[in-house]
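Remember, predicted model here, so these are calculated numbers, not experimental data. For ligands, and for the atoms within them, numbers begin at 1 and follow the listed sequence.
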Amino acid sequence: MQIVAPLEIEDYVIQTADFMSPPRWHIGHTSWFFETVLQAYKPGYRVYSEDFLFYFNSYYEGFGVRIERPKRGTKSRPTVKETIAYRNHIDEQILSILHSLESVPQAETVLSLVRLGLEHEMQHQELLVYDIKHLLCDQFAVPQTPLPKPAQKVEGMAEIEGGLIWLGYDSAQAPGSRPFAFDNEKPAHQVFIQNFAIDKAPVSNGEFLEFINDGGYQNFRWWFSEGWETVTGEHWRAPLYWEQHDGEWMIRDFSGLHSAASRKDEPVSHVSYFEASAFAKWAGKRLPTEPEWEHAACYDGARKVKQAFPWGDTDPDGRKTNLFENGYWSVSPIGAFPEGANPYGCQQMIGDVWEWTTSDYVPYPGFKSEFDEYNDKWFVNQKVLRGGSFATPQLHIRSTYRNFFHAHERWMVSGFRCAKDS
Ligand SMILES: [Fe+2]
């Protein structure tokens with residue numbers, strides 16, 4: 001509710017593209033998720049409104065009929081006022097079940113579903129930021145904390161030794177204090193990787209501008225066939241939110257319109273997998289695989305241990321990372337978070353931009369679904385992104401977190417760093 005507070009009432013119901021949802025929908029949908037828990041586990045619970053169940057269900061076949069996604073912006077009802085009343089009602093009901101857990105037959109299950117509901121809500125908090133950016137961008141009057149200055153220059157690649165490594169979430173292996181992980185991060189298992197090198201910093205706007213100025217978007221040789229089809233079909237010439245004014249590339253974000261040159265030392269964002277791959281090929285490199293990324297983010301080669309985060313086992317905070325709580329509403333300059341570096345000198349692996357990997361989003365060996373249709377039904381035709389963005393809440397991110405999007409999508413805060421065989 002704090003995220004949407006600066007919105008005017010008209011802003012809540014508009015859908016600016018098929019892939020985004022009106023803010024009012026997120027506000028109601030996250031409560032709808034909790035209402036499914038109430039329906040299943042609160043004795044005598046009566047559904048708030050059949051109409052709301054229809055409008056606020058996202059994609060769950062198991063929870064009945066629902067409005068088609070591209071039509072979420074075609075309805076002015078339920079109103080924003082009605083949606084907030086629904087939210088308050090569901091919050092009260094969830095609090096009341098939590099306060100009387102001793103009388104709930106399956107208390108453990110309810111608790112784990114409430115945790116899932118909170119993680120789901122944090123995912124939608126991040127989606128809200130993407131969607132408000134698409135809807136309003138610099139017209140969104142939100143207070144922003146000034147960006148930090150880079151503390152050092154971060155250049156070159158880190159050489160990392162391969163071998164048999166552990167991939168995935170296991171709190172015993174990488175302790176930290178994160179008791180939750182999604183089913184798609186489990187079980188931890190071994191995979192073999194070759195020696196490799198990985199960029200110490202995410203690819204910057206300045207580097208990406210060189211690719212653009214070198215005719216990168218006009219040269220088929222850097223692109224996958226499907227990527228080239230998208231570039232030509234959609235007339236892409238730069239990342240999303242880049243605009244050309246009097247021949248100069250500008251980037252629009254929550255704080256206004258800036259020349260790309262003035263933002264050259266910030267990570268490039270809003271690029272698709274196609275664009276990230278094309279850049280990597282142009283640069284004579286490649287994108288990392290998911291095991292390479294996680295190994296770089298978590299492994300301390302000197303101590304020979306897997307740790308929870310690049311910097312160790314302590315939780316993320318505003319000195320090590322740029323996550324939502326920093327309040328920047330923006331990527332931050334490369335080199336602004338030396339305290340968040342891994343033992344090899346890689347910076348900003350957590351926060352700033354989600355980083356594309358070449359890995360397909362498929363279940364790990366031994367995967368067991370913990371909630372039907374949540375993650376399990378998306379295991380086809382999507383790519384894994386790692387690390388979280390400036391819109392990700394601190395409590396929500398883990399080094400083992402597997403985000404996933406289609407190769408052409410770029411309205412999320414997506415960037416990348418390159419890798420190389422060594
Ligand atoms: Fe959802």
Side-chain angles (χ1 to χ4, degrees), residues 1-4 12-13 15-41 47-49 51-73 75 78 80 83-84 86-87 89-91 93-94 110 112-135 180-185 324 354 361 369-380 382 384-385 388-389 391-393 395-398 401-406 409 411-414:
M1 295 312 291
Q2 282 176 24
I3 293 171
V4 295
Y12 279 87
V13 296
Q15 187 168 20
T16 48
D18 284 2
F19 51 75
M20 70 80 83
S21 299
R24 176 262 324 250
W25 184 84
H26 288 289
I27 296 299
H29 166 70
T30 45
S31 287
W32 167 87
F33 191 90
F34 282 113
E35 193 178 20
T36 66
V37 180
L38 294 169
Q39 288 181 66
Y41 295 97
V47 162
Y48 188 83
S49 154
D51 290 347
F52 285 26
L53 292 186
F54 177 78
Y55 183 73
F56 290 123
N57 181 358
S58 50
Y59 56 66
Y60 293 86
E61 303 284 346
F63 291 125
V65 288
R66 70 220 155 268
I67 191 166
E68 291 165 60
R69 182 177 175 161
K71 294 195 175 156
R72 287 173 190 165
K75 300 218 173 295
V80 175
T83 304
I84 292 170
Y86 172 58
R87 232 184 124 77
H89 174 81
I90 301 298
D91 283 355
Q93 295 286 316
I94 288 286
V110 169
S112 75
L113 288 172
V114 168
R115 179 63 192 246
L116 182 65
L118 294 170
E119 299 289 340
H120 173 252
E121 179 129 351
M122 287 189 268
Q123 290 180 308
H124 279 276
Q125 286 172 7
E126 175 153 9
L127 291 169
L128 251 181
V129 174
Y130 303 165
D131 289 353
I132 292 172
K133 186 166 182 179
H134 201 264
L135 177 72
F180 176 89
F182 285 111
D183 52 8
N184 62 13
E185 299 164 54
F324 186 65
W354 286 100
Y361 179 58
S369 178
E370 294 175 10
F371 194 91
D372 284 348
E373 298 188 63
Y374 198 102
N375 285 314
D376 53 6
K377 75 176 189 181
W378 304 110
F379 285 133
V380 66
Q382 305 204 53
V384 172
L385 299 93
S389 79
T392 311
L395 185 62
H396 189 59
I397 195 62
R398 286 170 302 284
Y401 194 118
R402 307 174 79 200
N403 203 351
F404 50 93
F405 283 99
H406 295 98
E409 291 183 285
W411 103 109
M412 63 290 187
V413 183
S414 47

Quick check: Phe371 with Phe33 (ring centres under 6.0 Å apart)? yes

Keeping waters out of it, list the protein N, O or S atoms under 2.8 Å from the Fe ion (ligand 1). His29 NE2, His120 NE2, His124 NE2

Could you check whether the rings of Trp32 and Tyr60 sit parallel, tilted or perpendicular, using 30° and 60° as the cut-offs? tilted

Quick one: sort the Tyr48 and His89 rings into parallel, tilted or perpendicular, breaks at 30° and 60°. tilted

Indicate yes or no for a side-chain donor-acceptor contact from Arg87 to the backbone of Ile27 under 3.5 Å, with no hydrogens or angles considered. yes

Could you tell me whether the side chain of Glu373 and the main chain of Gly62 form a donor-acceptor pair under 3.5 Å? yes

Residues at least two apart in sequence or cross-chain that pass side chain to side chain donor-acceptor pair (under 3.5 Å) with Glu61, listed by chain then number, are Arg66

